[in-house]
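Keep in mind that what you see is a predicted model, and the values were worked out from it rather than measured. Starting from 1, each residue takes its place in the sequence as its number.
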Amino acid sequence: PLLKLSPTVRAVSLMREKFPDVELSFDCDIHTNIPYFLANQTIDVGITTYGEILGLEGFCYEFLSKNTLAVLIGRSHRLWNKRPLYVEDLDGETLYYIEGTANQSVTAISQYYKEQKIKFSGQVPCRSQSELMLYLASGNGIANAGVVSSENFFTMRDLIDVVPVERTELNWGYVVALYNEENTLAKKFVEFLKETW
């Protein structure tokens with residue numbers, strides 16, 4: 001759920017186009033133990049973040065992308081038009097994590113901001129994503145979008161802005177595809193993934 005969906009979907013489409021006789025299913029579950037399912041051949045390819053596979057042996061992996069943290073800022077906020085936006089600029093701001101269900105990422109980002117002496121809240125004071133956008137538009141706070149796709153928020157571009165925060169590379173920022181090199185179809189799918197990302 002933390003990864004960009006659109007390039008993965010394009011890779012799935014290419015796979016189905018090139019290999020119409022191959023049954024292909026796509027599952028997204030934050031609790032899936034990808035190395036375990038690869039080891040017992042329940043799945044052929046896993047897409048995850050680099051922090052999930054540190055120290056893993058026996059599988060090949062391909063880097064798909066390197067992400068930095070991004071924040072959502074209302075256009076009425078004093079920092080919205082600052083380019084680039086550095087961590088130091090956020091001193092004294094209250095940040096809300098927009099994907100509150102991703103506990104691992106919340107923990108990592110929270111720890112990072114704590115080390116930077118920046119206030120952080122894992123609780124979004126809104127009942128829905130739309131309400132959050134309106135909250136941000138009022139200039140009351142900043143929401144951290146982590147490494148999730150920012151395309152979802154461009155529909156609200158008149159209210160908010162998506163700003164990359166530099167100097168915020170976390171060890172799980174790399175998105176990788178994990179697979180067994182002996183599996184020809186899995187290897188082909190990873191080639192499609194690298195094309196589409």
Side-chain angles (χ1 to χ4, degrees), residues 1-70 96-115 120 122-124 128-129 143-153 162 164-165 168-197:
L2 299 176
L3 311 180
K4 289 189 176 181
L5 183 61
S6 52
T8 307
V9 172
R10 287 198 296 271
V12 170
S13 298
L14 282 170
M15 193 74 177
R16 286 176 172 156
E17 178 184 328
K18 301 292 183 181
F19 304 97
D21 296 330
V22 175
E23 183 180 346
L24 184 67
S25 63
F26 177 52
D27 183 40
C28 183
D29 184 355
I30 196 170
H31 301 295
T32 297
N33 187 330
I34 291 178
Y36 172 79
F37 286 130
L38 281 169
N40 65 18
Q41 299 182 350
T42 303
I43 60 175
D44 296 306
V45 178
I47 308 171
T48 184
T49 51
Y50 187 56
E52 302 270 338
I53 65 169
L54 291 177
L56 186 68
E57 297 180 357
F59 299 102
C60 301
Y61 59 89
E62 301 282 349
F63 288 112
L64 300 176
S65 73
K66 174 67 179 76
N67 295 287
T68 55
L69 297 181
Y96 300 95
Y97 190 63
I98 201 166
E99 294 288 337
T101 57
N103 294 324
Q104 181 182 8
S105 298
V106 169
T107 302
I109 294 173
S110 177
Q111 182 60 35
Y112 177 83
Y113 282 128
K114 183 178 180 181
E115 292 170 357
F120 179 87
Q123 299 294 321
V124 178
S128 66
Q129 184 167 301
N144 179 53
V147 295
V148 298
S149 171
S150 58
E151 287 93 326
N152 297 333
F153 310 111
V162 181
V165 179
T168 55
E169 297 179 359
L170 302 179
N171 68 349
W172 45 265
Y174 291 94
V175 175
V176 301
L178 193 62
Y179 65 104
N180 185 333
E181 194 171 28
E182 296 176 358
N183 187 324
T184 305
L185 287 174
K187 193 172 182 179
K188 190 65 179 177
F189 182 68
V190 172
E191 290 178 9
F192 290 148
L193 277 170
K194 293 180 73 175
E195 287 179 15
T196 55
W197 278 70

Looking at CG of L14 and CZ of F189, how far apart are the two atoms once the value is rounded to the nearest 0.5 Å?
-> 9.0 Å
Nearest-0.5 Å distance, CG of residue N180 to CD1 of residue I43 |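 Reported to 0.5 Å precision, the distance equals 11.5 Å.
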Residues in salt bridge (Lys or Arg N to Asp or Glu O under 4.0 Å) contact with [X], at least two apart in sequence or another chain:
X	value
E191	K188
K194	E62
E17	none

Check each of L38, L178, V190 against V45 using the side chain to side chain contact (heavy atoms under 4.5 Å, CB included) test, and report the only one that passes.
-> V190
Under the side-chain contact (heavy atoms from CB on, under 4.5 Å) test, residues paired with D27 that sit two or more places apart =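 Counting only residues at least two positions away or on another chain, D27 forms a side-chain contact (heavy atoms from CB on, under 4.5 Å) with D29, T32.
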Output all residues satisfying side-chain contact (heavy atoms from CB on, under 4.5 Å) with L24, sequence neighbours left out; order by chain, then residue number.
->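 So L24 forms a side-chain contact (heavy atoms from CB on, under 4.5 Å) with V12, M15, R16.
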By side-chain hydrogen bond (donor to acceptor under 3.5 Å, both in side chains), which residues pair with S13, not counting sequence neighbours?
->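 Expected list: none.
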Indicate the atoms forming the closest heavy-atom contact of [X] with [Y], along with that distance.
X	Y	answer
F37	N40	O-OD1, 2.9 Å
A11	L193	CB-CD2, 3.7 Å
A186	Y179	CB-CB, 4.3 Å

Do other residues, nucleotides or ligands put more than 12 heavy atoms under 6.0 Å from the CZ atom of F19?
->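 Check passes, neighbour count above 12.
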May I have the step-by-step check of side chain to side chain contact (heavy atoms under 4.5 Å, CB included) for V175 and I47, ending in yes or no?
-> CA-CA 7 Å; V175 175; I47 308 171; 4.0 Å; yes
With a 4.5 Å heavy-atom cut-off, do L185 and D44 have their side chains touching?
->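 With C-beta onward as the side chain, the pair stays apart.
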